[in-house]
Amino acid sequence: MEKIEVSINSKHTIKPSTSSTPLQPYKLTLLDQLTPPAYVPIVFFYPITDHVFNLPQTLADLRQALSETLTLYYPLSGRVKNNLYIDDFEEGVPYLEARVNCDMTDFLRLRKIECLNEFVPIKPFSMEAISDERYPLLGVQVNVFDSGIAIGVSVSHKLIDGGTADCFLKSWGAVFRGCRENIIHPSLSEAALLFPPRDDLPEKYADQMEGLWFAGKKVATRRFVFGVKAISSIQDEAKSESVPKPSRVQAVTGFLWKHLIAASRALTSGTTSTRLSIAAQAVNLRTRMNMETVLDNATGNLIWWAQAILELSHTTPEISDLKLCDLVNLLNGSVKQCNGDYFETFKGKEGYGRMCEYLDFQRTMSSMEPAPDIYLFSSWTNFFNPLDFGWGRTSWIGVAGKIESASCKFIILVPTQCGSGIEAWVNLEEEKMAMLEQDPHFLALASPKTLI
């Protein structure tokens, strides 16, 4: 296949449709304040073989549907002010339309992930927005292939977590299809009532979270596919009396963590220092809070990092003797602790002191020597399914192309095309990635090639 070229044909700014009601500033939550404004890229691929497909009308309808959807989700159209609230909703969402010089079928056959950055409007996981409040919270790029459309979005984690993105994108699709009964109406105030923002938040806490996300080392991005048989085999190995039926995500997360530990130990062999290895899993708080009201549609960063911690030393068993079931047990235990009773202590103005204690503890742990290995795991297996624009099922969800050097060690899990497998998008220091790619036990179940 020839070199892929993406040509921007038009640029727009999409704003909320005219509203008779003045839009009030949107309060951030304390969790939003602590979250860096890193742009997470997502690209949804839709092959289209309809020969009577009206492209100009489709593009116009997508723009209009986005404007109508932003009327409901108007905070996504604004700009962050003083890390406290969002205003200036008339600033709008940058919206690009591009032409790609290849057939989508050919691209999906090869899936060159290094090209994915060309399909989103804002550089992924960049740090530019940290000190510049003019940066948008959302960007959209519609990429027209021969026989297909790929919708690329850049979502700022300052406001948009997986749950928020899922509700917004599904609503955009519903408006575009004319199925208004499927629109998900957001709850714009619930999150700030639970975790109210602080105008006296010390900068050290925001800096601390930026340090977690942006490690400042060169990273490599790889995509590994776990097929149905591989996942079943991993689940069998992950079983224990404590976790008799590990989920697909639990098993794959534990498997990845085990081999990330192996890669790290191979690079530090001969040392006698004790080092912590931490697998931090993103947990959706919407289903875990003790609330009378339903939080499913609440906007903002309603996630928490459940941390499974393993202490590694020269006396720790060799990686071949480190049992997967023990790691999955640690992972399961850390998530179980994230229940409604636990979060009661963090809620409201009274919970701010508890949050500071938690952050101070995390700061102390992160400053240990040698520095802990921290891996952030986020599962999208329950999001974006289906994301329906009327063109059939999403053929593939692309996550990230080349990531710049200022990115953290994170792993994103997405469903495969058939829905039963899992793709792991792994971002890791280059030297550790090289060790992972040479691990025969890892590659026996994790395929770097596409499984249709």
Side-chain angles (χ1 to χ4, degrees), residues 34-36 38 125 127 157 204-220 250 253-283 303-319 321-324 326-338 342 355-379 403 405-413 424 426-436 439 442:
L34 292 169
T35 304
F125 296 98
M127 296 183 67
H157 227 312
K204 67 177 182 179
Y205 292 137
D207 293 342
Q208 177 179 331
M209 296 305 293
E210 287 172 17
L212 176 65
W213 284 59
F214 301 104
K217 295 183 178 180
K218 284 193 173 183
V219 297
Q250 279 181 322
T253 300
F255 179 82
L256 285 162
W257 188 23
K258 177 177 179 178
H259 290 278
L260 290 169
I261 292 171
S264 179
R265 293 189 71 171
L267 292 170
T268 57
S269 60
T271 62
T272 59
S273 302
T274 298
R275 180 189 296 268
L276 298 182
S277 182
I278 303 174
Q281 305 164 86
V283 174
I303 59 172
W304 192 264
W305 296 101
Q307 299 182 38
I309 302 174
L310 182 67
E311 186 176 300
L312 300 171
S313 69
H314 63 283
T315 60
T316 305
E318 291 299 318
I319 192 62
D321 299 324
L322 195 59
K323 293 183 179 180
L324 177 59
D326 292 336
L327 296 179
V328 169
N329 192 27
L330 285 174
L331 293 168
N332 185 64
S334 68
V335 172
K336 274 189 171 182
Q337 289 178 357
C338 297
Y342 174 74
M355 181 70 76
C356 291
E357 292 175 4
Y358 170 83
L359 292 169
D360 288 335
F361 171 76
Q362 295 295 320
R363 188 182 189 90
T364 300
M365 188 166 59
S366 298
S367 62
M368 293 174 63
E369 290 293 341
D373 282 326
I374 303 176
Y375 307 101
L376 307 183
F377 289 86
S378 180
S379 172
I403 304 298
S405 61
S407 291
C408 57
K409 296 174 281 191
F410 67 92
I411 299 93
I412 297 175
L413 305 180
V426 181
N427 293 270
L428 193 62
E429 296 103 319
E430 291 180 341
E431 61 272 18
K432 288 184 182 176
M433 184 66 78
M435 299 302 299
L436 188 66
D439 183 342
F442 176 73

Closest non-hydrogen atoms of W257 and S277, given as atom of the first, atom of the second and distance, are NE1-OG, 2.9 Å
Is the shortest heavy-atom distance from the side chain of E210 to the side chain of D207 under 4.5 Å? yes
Does the Q281 side chain pair with the main chain of L331, one donor and one acceptor, at a distance under 3.5 Å? yes
Show the nearest heavy-atom pair for residues S264 and Y375, with the distance to one decimal. CB-OH, 4.0 Å
Taking all heavy atoms of K204 and all of D360, pick out the closest pair and write down the distance. NZ-OD1, 3.9 Å
Taking side chain as C-beta onward, heavy atoms only, is I309 less than 4.5 Å from P372? no
To the nearest 0.5 Å, tell me how far R265 CZ sits from D373 CG. 11.5 Å
Single hit among H259, K432, M433 for side chain to side chain contact (heavy atoms under 4.5 Å, CB included) with V426: M433
To the nearest 0.5 angstrom, please state how far the CZ atom of F410 sits from the CZ atom of F125. 3.5 Å
From CD1 (I411) to CG (L376), nearest 0.5 Å: 7.5 Å
Spacing of L312 atom CG and L322 atom CG [to the nearest 0.5 Å]: 7.5 Å
Check V219 against E430 and note the closest heavy-atom contact, atom names and distance. C-CG, 4.0 Å
Once you round to the nearest 0.5 Å, how far does CD1 of I278 lie from OG of S334? 11.0 Å
About how many Å separate CD of E369 and CZ of R275, when rounded to the nearest 0.5 Å? 9.0 Å
Less than 4.5 Å apart, any side-chain heavy atom of L359 and any of R363? no
Of all heavy-atom pairs linking A279 and F377, the shortest is CB-CE1, 3.9 Å
Is the F442 ring parallel, tilted or perpendicular to the F255 ring (thresholds 30°, 60°)? parallel
Closest non-hydrogen atoms of L324 and G254, given as atom of the first, atom of the second and distance, are CD1-C, 3.3 Å
